[in-house]
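Scroll down for the structure; my scribbles are underneath it.
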Amino acid sequence: MVKIKIDGVEYEVDEKKNLIDATKEVGVEIPYFCYHPALSIVGMCRMCLIEIEGVPRLQAACNTPVKEGMGIITKSDRVKEARAGTMEFLLANHPLDCPVCDKAGECRLQDNAFGSGTGHSRFEFEKRNIPQEEIGTNLIINHNRCIVCYRCVRFEEEKVGESNLGLFERGNHSIIGLAKSEPIAHNYQGALADICPVGALLNNKTLFKSRVWWYKSHKSVCHGCSTGCNVTTNVRDNKMYRYMVRENFEQGMFFLCDKGRFDIDWMNENRLFSYLENGKNSTSQVVVSKIVDRLKEAKSIAVLGGAHESNETLEALKQNLQTLSRELGGKSIQWETRVTDAQNKETEQVDFLLTKDNHPNTKGAIDLGLTTPSGISGIVSAVKHGSIDLVILLKEAIPDGIDPNKVICFDTNLTDAAKSASLAAPIQIFCETEGSFTNKNGLKQNFEKSMNPIQGLLTSSGVVELILSTMAKKMEASVGNR
C-alpha cells in the first residue's frame, strides 16, 4: 500500500493497481469507456483524463500506475473541459435512441453524459446512419451507437482466442465489423454484449424483453459448470430473465460464457409442481406413502446425483438419509454424486471458463463424502444384479441399465426421468433458496435467494423430512390399531 493525494485528500491505495481501480476502491470514480481490468490497456477513449501534479499535460488514468506520494486532480476545470470535449465528440454521431435501446439504465455513455457532458451539442450536420447487422448466431451490432472503444476486439483476441472482429475505415467513418465471412459462433457472444459500454452490441435472446429497472437483482453463482462464475440474477414477476456478470476482482472473475448465461428457460418453463406416479399426476399424500412402502420393502438403497444442490441442502439431506437408514433398521443407503465421466476426472476445460463438468457443486458433494468406492458403474452393476433394488435420483437422467420401475425421482422439471420413474417428487431449484456452491478450485461461494417457490414446494431434503414424518405417522397408526 502507498499514500497518494486525490483532489487534495490523502488516501492509502494498492500500488499494484492503476489509478482507475485504485481510486475506485477509496470511493473516487474516474469515468472511462475503453478500460477493462481484465483486458490490455489501449487508452483509446480519452475519457479518463486527469491532472498529475508536476506533469504539464493531462494524463490517461488507465495507463498510469500508482506511485508513492503522487498527487492527482480529477475535478479541476481543465479536466472537466477535456472530458466534456470527449463526450461531445462521442455524441456527435450517437443517435438519441435511449427509449428503445436495451442498454438504457445500465449504459456507461448515459452515466458519463450526465456526469461529464455539457447537456447540449454543437454538431449541426447530419448524423451518420449505418444499417444494423447480425454478426453472430446471437449477436447484433448497431454501428450508429458504437463509440469504437475496441473492448470487443480485445476480448475476442485476448480471452476467446479468435479474431472475428476488426476496426475498418478511418476517422468519422470508422466502424467495428466482422473480419471474416462467417458469423460469430463462439460461446462468449453474451460477454461481447456485456463488455460493450454502450448499446452497440446486443443479444437477440434478450432483446426487448424487459427494462432493467423492472428487475429485482440478487447475488448468485452460475449453475452451468464447475467454474462457479459470479452472477447477478435479474428476476421479474418471479421469472428469471437474465444472468449478468458480477465482477469479482479477488478471484479474477469478469466474464460469463453463453452456456451458463442463457441456460435459464428451465427455471421458468416445464417445471414439475405435482407428485407423479408412473408419469401421471397424483398427490403428495399418495406418492409419499408409496415411497415409504418402497423404502421398507427394499433390500438396499442407492442415491444418485445431488451435485446440482447447494452445500446446505446436501448437508441436510445427508443427515435426513442417515436418520432414514436408522428408521429402516440400519438399511444400507449408498450415495454417489458423480454420475458423469467429467465428475470422476480432474477438471477439463472446454474453453477459458467453461468446464466439461456441468454440475456447479461436484466439489462440495465430494467434500461431504457423498461418493462410493465403486462409483456409478458399481451402483448400476449392483442394481442389475439385484443387490440394490431401489434408486433415488436427484435431478439427473436415469443411467443406462437401470430399470425405471426401480427409480424414485426428485426433480425440478418434468423431465424424461420424472415421467419414466415409478414415483416422482417435485423439488425447489437452487435459486428458490439461499446457499452456497463449492467450485472446481474448492472455493465456497454463497448465493442469495432470487425467486420465490410456489407454496408447498420443498427442497430435496424437505421431501425426505416429509417421508420421515409420514413414516412416523404410519408407525403410530400401526401401533394404535393393535
Side-chain angles (χ1 to χ4, degrees), residues 190 194 205-206 209-210 212 214-248 251 253 255-274 305-317 337 353-355 357-365 368 394-396 409-415 418 425-440 443-464:
D194 243 8
K205 288 185 179 179
T206 55
K209 288 287 179 69
S210 177
V212 299
W214 291 337
Y215 293 134
K216 291 182 179 179
S217 299
H218 301 87
K219 295 177 181 179
S220 192
V221 178
C222 179
H223 66 277
C225 77
S226 60
T227 300
C229 296
N230 292 183
V231 299
T232 298
T233 58
N234 290 158
V235 175
R236 177 184 169 195
D237 298 330
N238 207 37
K239 289 186 177 181
M240 187 69 70
Y241 272 72
R242 290 195 313 179
Y243 270 4
M244 297 296 283
V245 170
R246 178 164 55 93
E247 292 184 349
N248 185 333
Q251 299 299 326
M253 295 182 180
F255 307 110
L256 186 63
C257 77
D258 287 357
K259 183 184 179 299
R261 181 190 299 270
F262 297 116
D263 182 29
I264 57 175
D265 290 341
W266 63 273
M267 299 184 189
N268 308 319
E269 303 167 1
N270 197 37
R271 290 290 303 276
L272 179 62
F273 292 133
S274 175
H308 289 291
E309 301 279 22
S310 68
N311 289 310
E312 291 71 21
T313 298
L314 290 178
E315 287 176 11
L317 191 53
T337 54
L353 284 183
L354 181 65
T355 69
D357 179 9
N358 61 357
H359 298 77
N361 203 26
T362 297
K363 188 69 167 62
L368 283 169
L394 298 176
K395 194 171 168 53
E396 297 288 352
C409 180
F410 293 1
D411 214 324
T412 59
N413 293 74
L414 189 58
T415 59
I427 57 174
Q428 295 177 8
I429 57 178
F430 76 95
C431 63
E432 289 174 334
T433 184
E434 61 182 13
S436 65
F437 289 143
T438 304
N439 78 350
K440 62 183 181 181
L443 177 67
K444 190 174 181 179
Q445 301 182 110
N446 296 323
F447 56 82
E448 297 175 344
K449 179 180 177 179
S450 302
M451 300 169 65
N452 295 315
I454 66 165
Q455 189 171 359
L457 188 64
L458 304 172
T459 62
S460 52
S461 61
V463 173
V464 177

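Worth saying up front: this structure is predicted, and the values here are computed from it rather than measured.
To the nearest 0.5 Å, atom OG1 of residue Thr412 and atom CG of residue Asn270 are 9.5 Å apart. Going from atom CG of Asn446 over to atom CG of Asn230 covers 10.5 Å, rounded to the nearest 0.5 Å. Residue Asn238 holds its CG atom at 10.5 Å from CD1 of Ile454, rounded to the nearest 0.5 Å. Atom CG of Leu457 sits about 11.0 Å away from atom OG1 of Thr433, to the nearest 0.5 Å. Distance check: Ser310 OG to Lys444 NZ gives 9.5 Å after rounding to the nearest 0.5 Å. To the nearest 0.5 angstrom, Thr337 atom OG1 is 8.0 Å from Leu314 atom CG.
In this structure, the side chain of Glu448 engages the main chain of Lys219 through a donor-acceptor pair within 3.5 Å. Checking side-chain atoms of Gln445 against main-chain N and O of Gly228 turns up a donor-acceptor pair under 3.5 Å.
Nearest heavy atoms, Leu354 versus Cys257: CD1-SG, 4.1 Å. The shortest heavy-atom contact between Tyr243 and Leu256 is CB-CD2, 4.0 Å. Of all heavy-atom pairs between Cys431 and Met240, the closest is SG-CE, 3.9 Å. In plain terms, the two heavy atoms of Arg236 and Ser210 that are nearest each other are NH1-OG, 3.1 Å. Nearest heavy atoms, Thr232 versus Ser217: CG2-CB, 3.7 Å. What you find for Cys222 and Pro360 is that their closest heavy atoms are O-CB, 4.1 Å.
Taking the side chain as every heavy atom from C-beta outward, Arg261 and Asp194 approach each other to under 4.5 Å. Counting only heavy atoms from C-beta outward, the side chains of Leu443 and Gln251 approach each other to under 4.5 Å. Considering only heavy atoms from C-beta on, Cys225 stays 4.5 Å or farther from Lys259 through its side chain. Side-chain contact between Leu317 and Leu394 is present, with at least one heavy-atom pair separated by less than 4.5 Å. A heavy-atom distance below 4.5 Å is not found between the side chains of Lys440 and Asp357. By the 4.5 Å heavy-atom criterion applied to side chains, Asn361 and Glu309 are not counted as neighbours. Contact annotation: the side chain of Glu396 approaches that of His308 to within less than 4.5 Å [non-hydrogen atoms, C-beta and beyond].
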Problem - Steps toward side-chain contact (heavy atoms from CB on, under 4.5 Å) verdict (Lys363, Asn439) - result: CA-CA 6 Å; Lys363 188 69 167 62; Asn439 78 350; over 6 Å; no
Practice task
Kindly determine whether Met267 and Asn413 satisfy side-chain contact (heavy atoms from CB on, under 4.5 Å), including the steps that lead there.
Solution key: CA-CA 8 Å; Met267 299 184 189; Asn413 293 74; over 6 Å; no
Practice task
Verify side-chain contact (heavy atoms from CB on, under 4.5 Å) between Thr355 and Ser226, making sure each step is shown before the conclusion.
Solution key: CA-CA 6 Å; Thr355 69; Ser226 60; 2.9 Å; yes
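Residues Lys205 and Asp258 are not paired through a salt bridge, judged by the lack of any N-O separation under 4.0 Å between the basic side chain and the carboxylate.
Note: His223 and Phe430 have tilted aromatic rings, judged against thresholds of 30 and 60 degrees for the angle between ring planes.
Just one of Arg242, Lys216, Lys239 meets the side-chain hydrogen bond (donor to acceptor under 3.5 Å, both in side chains) condition when paired with Asn234; it is Arg242.
Identified under the side-chain hydrogen bond (donor to acceptor under 3.5 Å, both in side chains) test for residues 449-459, with sequence neighbours left out: Thr233-Ser450, Thr459-Ser461. For residues 428-437, every residue pair satisfying the salt bridge (Lys or Arg N to Asp or Glu O under 4.0 Å) rule, not counting sequence neighbours, is listed here: Arg271-Glu432.
Remark: Phe262 engages no residue in a ring-ring contact (aromatic ring centres under 6.0 Å, His included) (not counting sequence neighbours).
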